[in-house]
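What follows is a set of notes on a single structure, which appears directly below.
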Amino acid sequence: MRGERVFEWAEEQQNAFDSLRRNLTSDTVQTMFRKDAARTELHTDASALGLGAMLLQSSVEGDPLKLVYCASRKTSDAETQYHSSKLELLCIVWAVNKLRQFLLGIKFTVFTDCQALTYLNSSKSANVQVARWYDALQEYDIEVNYRPGVRMTHVNALSRAPVGPEESLDEALMERQTVCVLITLEERVMMCQTADSDVAHIKRMVEQGPKEGLGLSYVVKDQLLYRRFRDKLQCCLSCQSQ
């Protein structure tokens, strides 16, 4: 809004909004996660307001990246006092931990606009908290690269308009337990669906009313939640990636 202009939402504005929504949710922009993708990138950005992350993949080498998952959360009062480099590191570790079910066992590249964090590829900090965060990344096949902020505006927007609540990264890392067992692919998917609160909620709703509401778009089969998409069933790992 500028000056004395009156807010207006007429047919022209609604059509523009509908067009933007269709384009942002089309196959040219979004994609389902693939473990065998040719390229996987995690773009992160932090501000005093919040943390933002985008997981992107290209199924074929040379093809444009497509969006798999978006995430953001607000920073706590203590985190707003962090030095910018520490805040950017917090964002990387938070994002990797949040997307752990996708990133374990694959090679991926993190892009950040904090050039100082490229040291994560080779050295370890003497700071106890930072060292603990560094250790949390050692189970991943990860490379951290720098990219200027002018090329990170897409994820910058998430960090400045976060939607997720505050959370303690250190508590999340302490509570996480590593369980080494032999499980089937279906059991792994079931674990991911149970761990994602949004997917678990949709699954419960579909089970309660399978013929109405969410049951028109989703179905539960053999204890797994699937989404109906173009006459096919797609298994859900996260509703934010849909």
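For clarity, every value in this text was computed on a predicted model and none was experimentally measured.
Distance check: Leu225 CG to Asp196 CG gives 10.0 Å after rounding to the nearest 0.5 Å. In this structure, the separation between OH on Tyr146 and CG on Asp113 is 7.0 Å, given to the nearest 0.5 Å. Once rounded to the nearest 0.5 Å, the distance linking CD of Glu166 with CG of Leu51 reads 10.5 Å. To the nearest 0.5 Å, the span separating CD on Gln193 from OH on Tyr226 amounts to 8.0 Å. To the nearest 0.5 Å, atoms CD1 (Ile106) and CG (Asp36) are separated by 10.0 Å. Interatomic distance, OG1 of Thr109 versus CZ of Arg147, reported as 9.5 Å (0.5 Å rounding).
Of all the heavy atoms in Ser72 and Ala161, the pair that sits closest is OG-O, 4.4 Å. For the pair Trp133 and Leu173, the tightest heavy-atom approach, listed with the atom from each and the gap, is CD1-CD1, 3.9 Å.
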Report all side-chain donor-acceptor pairs from residues 53-60 shorter than 3.5 Å, counting only partners two or more places apart or in another chain.
from  : atom 1 : to    : atom 2 : distance (Å)
Gln57 : OE1    : Arg34 : N      : 2.8
Gln57 : NE2    : Arg34 : O      : 2.7
Gln57 : NE2    : Thr40 : OG1    : 3.0
Ser58 : OG     : Val60 : O      : 2.7
Ser58 : OG     : Asp63 : O      : 2.9

Quick one: side chains of residues 81-88, donor-acceptor pairs under 3.5 Å with protein atoms, not counting sequence neighbours, listed by atom name and distance.
from  : atom 1 : to     : atom 2 : distance (Å)
His83 : ND1    : Ser85  : N      : 3.0
Lys86 : NZ     : Gln129 : OE1    : 2.7
Glu88 : OE1    : Ala46  : N      : 3.3

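Using a cut-off of 4.0 Å between Lys/Arg side-chain N and Asp/Glu carboxylate O, Arg132 and Asp135 are scored as not salt-bridged. Checked for salt-bridge contact, Glu167 and Lys98 miss the test: no charged N lies under 4.0 Å from a carboxylate O.
Ring planes of His154 and His43: perpendicular class, angle over 60° (limits at 30 and 60°).
Annotation: side chain of Trp94 is not in contact with side chain of Asn97 (no heavy-atom distance under 4.5 Å). When side chains are defined from C-beta on, Leu42 does not count as touching Phe111, because their heavy atoms never get closer than 4.5 Å. Taking 4.5 Å as the limit, every side-chain heavy atom of Gln30 sits out of range of all side-chain heavy atoms of Lys66. Looking at heavy atoms from C-beta onward, Arg100 lies in side-chain contact with Glu139 at the 4.5 angstrom threshold.
The closest donor-acceptor contact from the side chain of Thr75 to the backbone of Ala48 lies under 3.5 Å. Checked by atom type and distance alone, the side chain of Ser19 never pairs as donor or acceptor with a backbone atom of Asn15 at under 3.5 Å. No side-chain donor-acceptor contact under 3.5 Å links Thr153 to the backbone of Asn156.
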Test side chain to side chain donor-acceptor pair (under 3.5 Å) applied to Ser159 and Asp45, step by step: CA-CA 6 Å; Ser159 69; Asp45 184 73; 2.7 Å; yes
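By the salt bridge (Lys or Arg N to Asp or Glu O under 4.0 Å) test, Lys74 is found to be paired with no residue, residues two or more places apart in sequence or in another chain being considered.
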